[in-house]
Amino acid sequence: MKTVPLCLLTVIAESVLKKRLIHDVREAGARGYTIIDAEGEGTRQRRVGEILGANIRLETIVSPEVAERLLNVISTEYFDRYAVIAYLSTVSVIRGEKYV
Amino acid sequence: MKTVPLCLLTVIAESVLKKRLIHDVREAGARGYTIIDAEGEGTRQRRVGEILGANIRLETIVSPEVAERLLNVISTEYFDRYAVIAYLSTVSVIRGEKYV
Amino acid sequence: MKTVPLCLLTVIAESVLKKRLIHDVREAGARGYTIIDAEGEGTRQRRVGEILGANIRLETIVSPEVAERLLNVISTEYFDRYAVIAYLSTVSVIRGEKYV
Amino acid sequence: MLDVLRINLCSPLTLSFALGVFARLVRSELALPRDLYTGLSIYLLFALGLKGGVELSHSSLASISGPAFVTILLGCLTPVSAYLVLRRLGKFSIADSAGIAAHYGSVSAVTFIAAQQFTTSVGAPAEGFMPTLLTLLEIPGIQIALAIGAFQMSAAAKASGGDQANQPGRSVKEIMHELLTSRSMLLLVGGLVIGTAVGETGWKPVQPVFEGLFKGLLTIFLLEMGLAAGSRLGDLKQAGFFLLAFGIVMPILHGTLGAWLGSLAGLSVGGCTVLGTMAASASYIAAPPAVRMTLPEANPTFYLTAALAITFPFNLLVGIPIYYEISKRLCA
Amino acid sequence: MLDVLRINLCSPLTLSFALGVFARLVRSELALPRDLYTGLSIYLLFALGLKGGVELSHSSLASISGPAFVTILLGCLTPVSAYLVLRRLGKFSIADSAGIAAHYGSVSAVTFIAAQQFTTSVGAPAEGFMPTLLTLLEIPGIQIALAIGAFQMSAAAKASGGDQANQPGRSVKEIMHELLTSRSMLLLVGGLVIGTAVGETGWKPVQPVFEGLFKGLLTIFLLEMGLAAGSRLGDLKQAGFFLLAFGIVMPILHGTLGAWLGSLAGLSVGGCTVLGTMAASASYIAAPPAVRMTLPEANPTFYLTAALAITFPFNLLVGIPIYYEISKRLCA
Amino acid sequence: MLDVLRINLCSPLTLSFALGVFARLVRSELALPRDLYTGLSIYLLFALGLKGGVELSHSSLASISGPAFVTILLGCLTPVSAYLVLRRLGKFSIADSAGIAAHYGSVSAVTFIAAQQFTTSVGAPAEGFMPTLLTLLEIPGIQIALAIGAFQMSAAAKASGGDQANQPGRSVKEIMHELLTSRSMLLLVGGLVIGTAVGETGWKPVQPVFEGLFKGLLTIFLLEMGLAAGSRLGDLKQAGFFLLAFGIVMPILHGTLGAWLGSLAGLSVGGCTVLGTMAASASYIAAPPAVRMTLPEANPTFYLTAALAITFPFNLLVGIPIYYEISKRLCA
Ligand SMILES: Nc1ncnc2c1ncn2[C@@H]1O[C@H](COP(=O)(O)O)[C@@H](O)[C@H]1O
Ligand SMILES: Nc1ncnc2c1ncn2[C@@H]1O[C@H](COP(=O)(O)O)[C@@H](O)[C@H]1O
Ligand SMILES: Nc1ncnc2c1ncn2[C@@H]1O[C@H](COP(=O)(O)O)[C@@H](O)[C@H]1O
Ligand code: NA
Ligand code: NA
Ligand code: NA
C-alpha cells in the first residue's frame, strides 16, 4: 500500500486554549485535526478535575513546512505562559497527498 | 529491556464505523486494539457534537503483514465514502512477540 | 525550530492500575504524563463497559534512562498479572530540555 | 387557530428550542455534555414506553387493530411518496433521494411527544396506545427507503455497465438486526411490555420520575435539539430552496394523510392529530446512522438539515396545530 | 409464597433488569453512558445514607447495638464459610477462592435496596437503622478474605520453596485506606451523618430528590445492571457447574444465617429479611477492584460472573422472598 | 444571630460541602463525573433563570429600576476596590491583582442561590427579580478588572521600555463576546426571558423539575464544590496570610456595601441580604477562564484558592447570616 511520510504534530495543552489552538491550526494551513480530552500533570501544576478544566490532546498531520509554522506560533504565543507540550514524529499516511 | 519493532496503525474515523472497524481488525489477524473517543475536522465536514456522533481513534499494534492487510481493507471499503484517516508508524513493543 | 529527540513511552492498562502507574511514573523520574480514557480488547479479555472499568492510555515523554527504568518496573510488577501493553517511540520535542 | 398557535409557541418546550438555536446563532460555547444528551434520550424513550404500557393495559385488542393497520400502511406509503417527490421533482440523486426518504418514512419521538403534550393541553388527549403505534411506524419506513435506494442503484449500475458488484454492501439481515435491537426500539418496546405487565400498582412508585419529571426534562432536551438544529442552519443555503420547500410541504401532505387514515380507523381528534404528526415527522435518531452505514453516497448535509433544521421546528411550531385543526374537521 | 413471588417479579425493578439482560442477549447496542452509571450510583448511595440517617435520628443506641454486633459477626463468618466451600469442595485455587469469598463476605447495595423496597411493599418495613448495618458489613468481609488469600498464598509459596517474596504486595494499610475512603463508604457514612444531623426539618426540602426519585432512578440503574449481568452470561459455561450451584446455595445458607442472627438480636420480620439479604448478597462494586488489585492471580471471570450473573439475579428474583418466608417463621 | 448560624450550618447544603472537603482531606477517590458536574450547573442556572422569569412577570419596571442601578454601580465599584487593596496593601503583581479582582467583581451563582434559600428559610424572602440583578452583576466586574490589568501592564511595559507590543493580546471584542455568550449568561438570561414569557401557566408542568428538584440537586452540586475546594486547601499556604485575610474581610466590606446600596434602593431585608451576598461573593465559573485567557501571567493558584477555598465557604457558612443581620439593621 502506498504511503506518504508526513509530520504528526501532537500538542497537549490546558483546555482553555482549545478554540485558539484550532484557529492556529487552520491558519497555519493544516487540512484537519483530531482532539481528545485528556488529563495530566506537568511541571506547572495538576490539571485534572479542577474548575479550570483539564487538558486537550490535539494531533494534526501536516507537511514539514506547516509543522514548522505551527510550532513557531505555538512557541511564541503559549509556551511561556500556558501549560503546553508539543512534539513531532514522522508517520506514513495513506492517501497522504490529501493532507499536504 | 528487550523490545520488538512492530507497526502501530492508527485509524481515525467517524463513529458509525466503530463496529465494522473492530470486525475488520479482528479479521485481519490483529491480537488487540485500543479505541478512544475523539472529535475533529477534516476535508469533508465537521464531526463533533452533531447528532450523527463524533469520531473514534483506533490504534492497533500489528506485524507489517497484518498492517498491510488492514490498510487494504480500510482503503477499499471506507476511504472513498467515509471520513477516515489512517497512518502507520514503527514502535518498539515490550513483549512484542505477543502481538505478532 | 530546535527540537530534542526523546522517548515517548505509551502504556495501555486496565484502569484499576491508574493510581499505581502514576506513582511509578513519578518515582522513575518523569517530569509529567498525560492520561486518556480508553477501551479495548486484547489477548486476555474484553475491558469495556464492564463493572471493573475500562482501560487507560498513559503517555509520558522521558529520557532513555527513565524509559528503561519505567519499563523495568512495569514489566516486573504488572506484565504477568494484569492487562498491560507498553511501547516506545522516539519523538522530537520542543523545549525538550524541560523533560529530561 | 391563532389561539392554539399562541399556546404552542409560548410553551417552555418551544422556547427552549428557540434558545438553543439562538445560542448557536450568536456562536455561544453552550453545549450539553454528550452523556447528558444520551441519558436524557434514554429516559424519554423509556418513560414514553412505560407510560404507554400502563395505559395499554386498559385498552382492548379490538380497539387497537384498526389504528395499527393504518399506521403500518403509513409506514409503507410515506417513504415512497417522499422518494418519488425528491427524485422526480427535486432531481436528487438516487442515494440522496432514498436517504432523505428514509428519514421522512420514519418518525421523530420528540415531535411525537410534543404532539401528545399539545393534544392534552388543548383538552383532546390521544388514545393510550399511541406509543404502540410509534413503535410500529419507526422501522418500516427506513427499511423501504433503503431497499428502494439499494435496488435502484444496482439497476443504475447495471445499466451503465458499472462494477458495483465489488461494493461490499451490508446484508438486509444485518440492517434489520441493528434497527430492531436499536436503543430506541428496545427502550420503547421494553417500556411498553414492562408498563403493561406492572399496571397501575407497579407504576405508582416510579411515577414521580417517569411522569413527574417528563416535561421538565423534555424542556432541557429541546434546548439541545435547538443547539443541534442551530448548527445546521448554516447548511440551509447548501441544501437549496427545493429542500426547504420539501421540508415544509411534505410534512403537511403526510400529516393530512395520517390524520385522514386515523379518522378512518376511528381515532379521536387527539389520536388523529398525533398520528398525523407521526406521519409528518422525520426521524433524526434512528434514520441517520442507518442511512450513513447503508447509503454512504447520500450527503448527510441534505438529510440532517431537512429533518432537523427544517421539518422538526416546522412541526413543533406550526405543524402540530395545523394537524389538530385538520383532525377536528375530519372527525367532526 | 407464590403471591409474594409474583409481587416481586412484576415490579418495574425486576423487569428493567430483565430488559437489560434481554438487550445483551439480542446483541443490542443499548448502553447507559458511563458517567450516567457513575452518577446514578453516587445518587443511590448518598440517598440511602441520608434517608437512613434521618431515620437513625429517631433510634436509640440500645436498640441498635445488638443488631450491630450480629452484623459484624456475619462479616467475619461469611467470608470464611465461602472460602472453605470454594477451596475444599470446589477445588478452586487459593487466589480464586479468596477472591470469590471477598465478594460474598461483602454486601451488594442494590440488593439491599431491593430488599428494603420488598419488605415495605409486603407491609413489613425494616428498622430505620438498616443502612447503618450496611456500612458495618461492607468492609470486614473483603478484608478477611483478602487476608486469608495473602496468608495462604505465602504459606504455599514457602512450602514449595518459591520466590513469592519478591512479589511487591500492597500493604494492609493501603488497602484499608482505599476501602475506608472508597466512594460507597464515604457517601453512605457521610449521608448517614448528614441525615442524622439535619433531621426531619433539613430533610424536607431535599426529600423530592432523595426519596421521590429513588425508585424511578433505581429502575434505570437496574437496566444497566441487567446489561452488565447479561454480558457475563456467556461466561457461565467457563465458570462451570460448581460455581453456578455455589452462587445459589451459598446465598441461601448465608441468608438463613443472617435472618437467624437477626431474629436473635431482636429485629422485626422486615429487619431479619433485610439482614438475611445482606448476608446472602455478593458485592460487585467495592469488592472487584480491591480483589483485582490485591489478588491479581484470581480470575475475574469467576468472581464477576458469580456475583453479578448468578447471585444478584437469584437474590433479586427469588432470594429475597425466600429470606422473607424464613424470617416470618423465625420471628413467629 | 447564633440561632440563624445554626440553621445555616445544619442544612444539607452546608454539610454536603463539608463532606466534599472531608473526602479530599482523607484523600478519597470520590469524584463526580465531569459531565454530571456540567449537567448540574446547566440545570441550576437554567432553573434559576426560569423561576426568576416567572416571578419577574409579576414585577413592575418601576420597582426594578432602582435596584438595577445600584447593582451596576456595585459591578463598577467592587473590582476597583479589590484591585486597589491587593496591589497597594497586598503588594501583588498587576496581573495577580487584576486577576483576583475580576473574581471578586463578579458573582458566584451558587452563593447567590444559598442566600436565596437562606432568606426564604428565615421568613424574609427576597424580591422576585433578584436573578435579573444577578445577570447584571455577572459581567461588568470581570471586564473592568481585566481592563485595569491590561491598561496597567502596558503602562508598566512602556515605563520599562519593554517590548510588550509583540504580545498577541486578545481584543476586547473577543472577550466581551465570550462573556456575553457564555453558558451561564445564556442560560440565566434565556431562562429569565422564557420564564417571563410563559408565566405561571407554562411554569406549572415543568415546576416538578425546575423547582421540586432544586434543593436536592443543589445538595449534590455542593458535594462537588466541596471536593473542588478541598483539593485547593493544600494551596492555602502558598496563597499566604494576606490572601486568607483578604478572602474574608473583602467579602464583609463588599457585603455591607451591597446591603447598604440595596436598602437605599428600597429592597426588603431579604433583598438586601441577597444583594449584599452577591457583592460579597467571588465568581469561580465565569471569571477563571476569562482571566486565564486574558491575563495568563496571573497565578491561578491565587485566584482559585481565594475564590473557592476561602471566600466561598466563608460566605456559605457565616457570611450570609452576617449580611442578613446587617440588612435587618439597615432596613429597621
Ligand atoms: N513529560 C511529559 N510527558 C507527557 N505529558 C506531559 C509531560 N509533561 C507535561 N505533560 C502534559 O502537558 C501538560 C502541561 O504540562 P506543563 O506545561 O509541564 O505543566 C500536563 O498537564 C501534561 O498533560
Ligand atoms: N490532517 C489531519 N490531521 C489529524 N486528523 C485529521 C486530519 N484530517 C482529518 N483528520 C481526522 O479525520 C477525520 C475525517 O477526516 P476527513 O475524512 O478528511 O473528513 C476528521 O474528523 C479528523 O478527526
Ligand atoms: N495489539 C494491540 N494493539 C493495540 N492495543 C492493544 C493490543 N493488544 C492489547 N491492547 C490493549 O491493551 C489492553 C490489554 O491487553 P491484554 O493484556 O492483551 O489483554 C487491551 O484491552 C487493549 O486496550
Ligand atoms: Na414520518
Ligand atoms: Na454477603
Ligand atoms: Na462580587
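Letters A, B, ... mirror the listed sequences (proteins, then strands); counts begin at 1. Note: hydrogens, waters and symmetry copies are ignored here, and every other heavy atom, side chains too, is used.
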Should [X] and [Y] count as side-chain neighbours, where that means a heavy-atom distance under 4.5 Å?
{"X": "A:L6", "Y": "A:V62", "answer": "no"}
{"X": "A:V11", "Y": "A:L9", "answer": "yes"}
{"X": "C:E59", "Y": "A:Y87", "answer": "yes"}
{"X": "A:I12", "Y": "A:I56", "answer": "no"}

Positions in residues 88-96 of chain C that reach chain A, provided some heavy atom is under 4.5 Å away: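 Under the 4.5 Å heavy-atom cut-off, C:T90, C:V91, C:S92, C:V93, C:I94, C:R95 qualify.
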Is C:R57 reaching over with its side chain to a backbone N or O of C:A38, donor-acceptor style, under 3.5 angstrom?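 Answer holds: no.
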With no hydrogens and no angle check, do the side chains of C:Y33 and A:E41 hold a donor and an acceptor under 3.5 Å apart?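 Distance-only check passes for C:Y33 and A:E41.
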If only side-chain N and O atoms count, and only distance matters, is there a donor-acceptor pair under 3.5 Å linking A:Y78 with A:E14?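 Their side chains do not contain a donor-acceptor pair, so the 3.5 Å distance test is not met.
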Report which part of C:L8 has an atom under 4.5 Å of a heavy atom belonging to chain A: side chain, backbone, both, or neither.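 Contact with chain A: side chain only.
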Under 4.5 Å to a heavy atom of chain A? For C:L58 that would be neither
Non-hydrogen atoms of chain C under 4.5 Å away: do they reach the side chain of [X], the backbone, both or neither?
{"X": "A:L71", "value": "both"}
{"X": "A:N72", "value": "both"}
{"X": "A:I85", "value": "both"}

Working note: C:K2 + C:E97, criterion salt bridge (charged side-chain N to carboxylate O under 4.0 Å, His left out); need CA distance, chi angles, decisive distance, verdict. CA-CA 11 Å; C:K2 208 190 118 255; C:E97 324 76 54; 3.5 Å; yes
